[in-house]
Amino acid sequence: MQGNSKSSDEAPRPSSPLRAPSPRERGEAEDIAIIGGGIIGICAAAFLAEAGRNVTVFDRTGICEETSSGNAAAFAFSDVLPLAHKGMIKNLPKWLADPLGPLSIPPAYLPKLLPWLIRFWRAGAPAKYEASLAAQAGMMKLAEAEWMGLLDRSGTRRMLREAGSLEFYESEAEFRASLPGWAARERFGIGFRHVEGESLADLQPGLSPRFIKGTFVPGWKTVADPKLLGKAIWAYAEARGARFEMARIDRVATDQDGATLTLADGTSRQARQLVVAAGAWSHLLARQLGDRIPLETERGYNTTLPRNAFDVRRQLIFSGHGFVITPLETGLRVGGAVELGGIERPPNFNRSKALLRKAQQFLPGLNPSGGREWMGFRPSLPDSVPVIGKAAGGRSVVYAFGHGHLGLTQAAATGRLIRELVLGQTPPVDLAPFSPQRF
């Protein structure tokens with residue numbers, strides 16, 4: 001049930017023969033079990049291990065092998081606007097008319113998706129928008145501080161890229177439509193500047209003249225490669241005693257002593273405390289614990305080209321087309337868009353190809369050959385705010401999922417918040433907007 005996308009050919013590192021026996025081998029309950037080896041689970045493990053707790057992470061494929069391995073690599077700390085107010089409602093009819101456009105919904109999946117879409121539409125109401133905006137802004141401030149600290153403590157600061165981002169507009173009307181969103185960011189102290197002409201060309205040479213203006217965000221950051229960063233953070237957590245067990249968790253239950261995890265092979269594990277951080281599969285486990293959480297799956301596509309495909313200076317954001325281009329240590333990643341199609345349907349890599357064709361139009365001279373296609377599952381909630389809090393049916397269980405496009409960005413903040421919840425300490429932000437019971 002639990003996991004995040006496609007496993008790679010990189011096998012998990014074998015355990016040392018001199019390691020201490022695990023709680024299972026000693027016939028004891030785990031102290032803390034975390035379901036999910038993506039970036040959220042990894043960061044939670046790191047923060048808890050730093051606090052001296054014994055942590056075991058369970059995942060069906062490995063550490064950072066699924067959705068967290070192939071994202072756009074952004075620390076998008078300025079991305080505070082809920083999706084319902086990023087033009088998605090207004091553009092929905094136009095986008096849906098194009099099966100390979102920025103947003104796609106397979107017709108057969110629409111009846112199942114309809115309740116989520118109604119919640120998404122309601123999340124755009126002014127009062128709900130302001131609440132979500134404030135919650136995300138506070139979360140982003142915490143996320144930046146916690147990531148910078150974790151990068152320093154783990155020795156991974158060298159993987160940070162601080163070149164900013166550049167967002168593009170093809171018309172004055174598109175630019176003017178973006179201004180309320182920039183005004184909202186400005187209220188929360190987010191820096192940016194609008195550019196055109198030579199200033200735009202200097203920030204990204206070789207751009208198509210169809211883009212007449214842009215917005216440069218100097219505080220936007222990216223990482224060298226999200227998979228490599230995740231594995232490096234895990235190595236830091238493992239050095240502090242965190243453990244990994246490759247296993248698919250099919251069922252969870254709670255009692256007065258903690259939680260029971262039933263594995264796909266029929267065996268079980270006991271844990272005094274449980275963290276559910278299984279990405280797009282998390283709501284299925286939460287339902288077993290009595291929490292019905294309206295999580296949907298945004299299927300994201302990309303193609304990673306060789307590094308020399310084009311000289312991209314920083315992350316480029318084509319918001320009107322729903323995708324970005326990111327220069328990585330391991331290649332040039334072209335991807336994004338949204339396919340609301342659940343976790344069962346096979347990938348439609350025509351969407352990756354469509355994004356690549358657009359990238360060639362926007363960056364004339366881009367070499368599209370030699371790319372690797374990929375699809376991952378973004379766990380998304382209708383109000384764009386993740387679930388971080390205790391399960392209704394058992395105080396021994398906490399949830400950490402539903403970050404949508406912002407899992408990498410908010411992972412360190414979520415790790416800090418999970419640590420405070422597990423240790424019974426006061427979180428640095430109000431967790432009411434993130435409550436699993438808010439629905």
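Just so you know, these numbers use all the heavy atoms, side chains as well, and skip hydrogens, waters and symmetry mates. For this chain, numbers begin at 1 and follow the sequence in order.
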Is the side chain of Arg438 donor-acceptor paired with the backbone N or O of Phe434 at a distance under 3.5 Å, no angle test? yes
For the side chain to side chain contact (heavy atoms under 4.5 Å, CB included) test, which of Leu328, Asn367, Leu356 pairs with Leu305? Leu356
If you measure only the distance, is there a donor-acceptor pair under 3.5 Å linking the side chains of Tyr169 and Thr215? yes
Can a donor-acceptor pair be found, under 3.5 Å and without considering hydrogens, that links the side chain of Trp220 to the backbone of Ser78? no
Does the ring center of Trp374 lie less than 6.0 Å from the ring center of Tyr301? no
Checking Arg287 against Tyr399: charged group under 6.0 Å from the ring centre and within 45 degrees of the axis? no
Taking the six-membered ring of Trp116 (Phe, Tyr or Trp), confirm whether the NZ or CZ of Arg119 is under 6.0 Å from its centre and within 45° of its axis. no
Flag the pair Glu373 and Arg351 as a salt bridge only when some basic side-chain nitrogen lies within less than 4.0 angstrom of an acidic carboxylate oxygen. no
Quick one: does Ser68's side chain have a donor or acceptor within less than 3.5 Å of a partner on Ile39's backbone? yes
Between Phe244 and Phe58, is the ring centroid distance below 6.0 Å? no
Could you tell me whether the side chain of Ser282 and the main chain of Gly279 form a donor-acceptor pair under 3.5 Å? yes
Does the ring center of Phe401 lie less than 6.0 Å from the ring center of His283? no
Going by an N to O cut-off under 4.0 Å, is there a salt bridge joining Arg307 and Glu329? no
Using 4.0 Å as the upper bound for N to carboxylate O, is an ion pair formed by Glu174 and Lys213? no
CZ-CG distance between Arg161 and Asp225, expressed to the nearest 0.5 angstrom: 9.5 Å
Under a 3.5 Å distance rule, please check whether Gln273 uses its side chain to pair with a backbone N or O of Val422 as donor and acceptor. yes
Whether Gln315 side chain and Ala72 backbone form a donor-acceptor pair below 3.5 Å: yes
I'd like to know whether the aromatic ring centres of Phe175 and His194 sit less than 6.0 Å apart in this structure. yes
Counting only N and O atoms by type, is there a donor-acceptor contact under 3.5 Å from the side chain of Arg314 to the main-chain atoms of Ala163? yes
Applying salt bridge (charged side-chain N to carboxylate O under 4.0 Å, His left out) between Glu339 and each of Arg345, Arg378, Arg299, report the one that passes. Arg299
Between Phe192 and Phe216 (judged by ring centroids, cut-off 6.0 Å), do the two rings come close enough to count as a pair? no
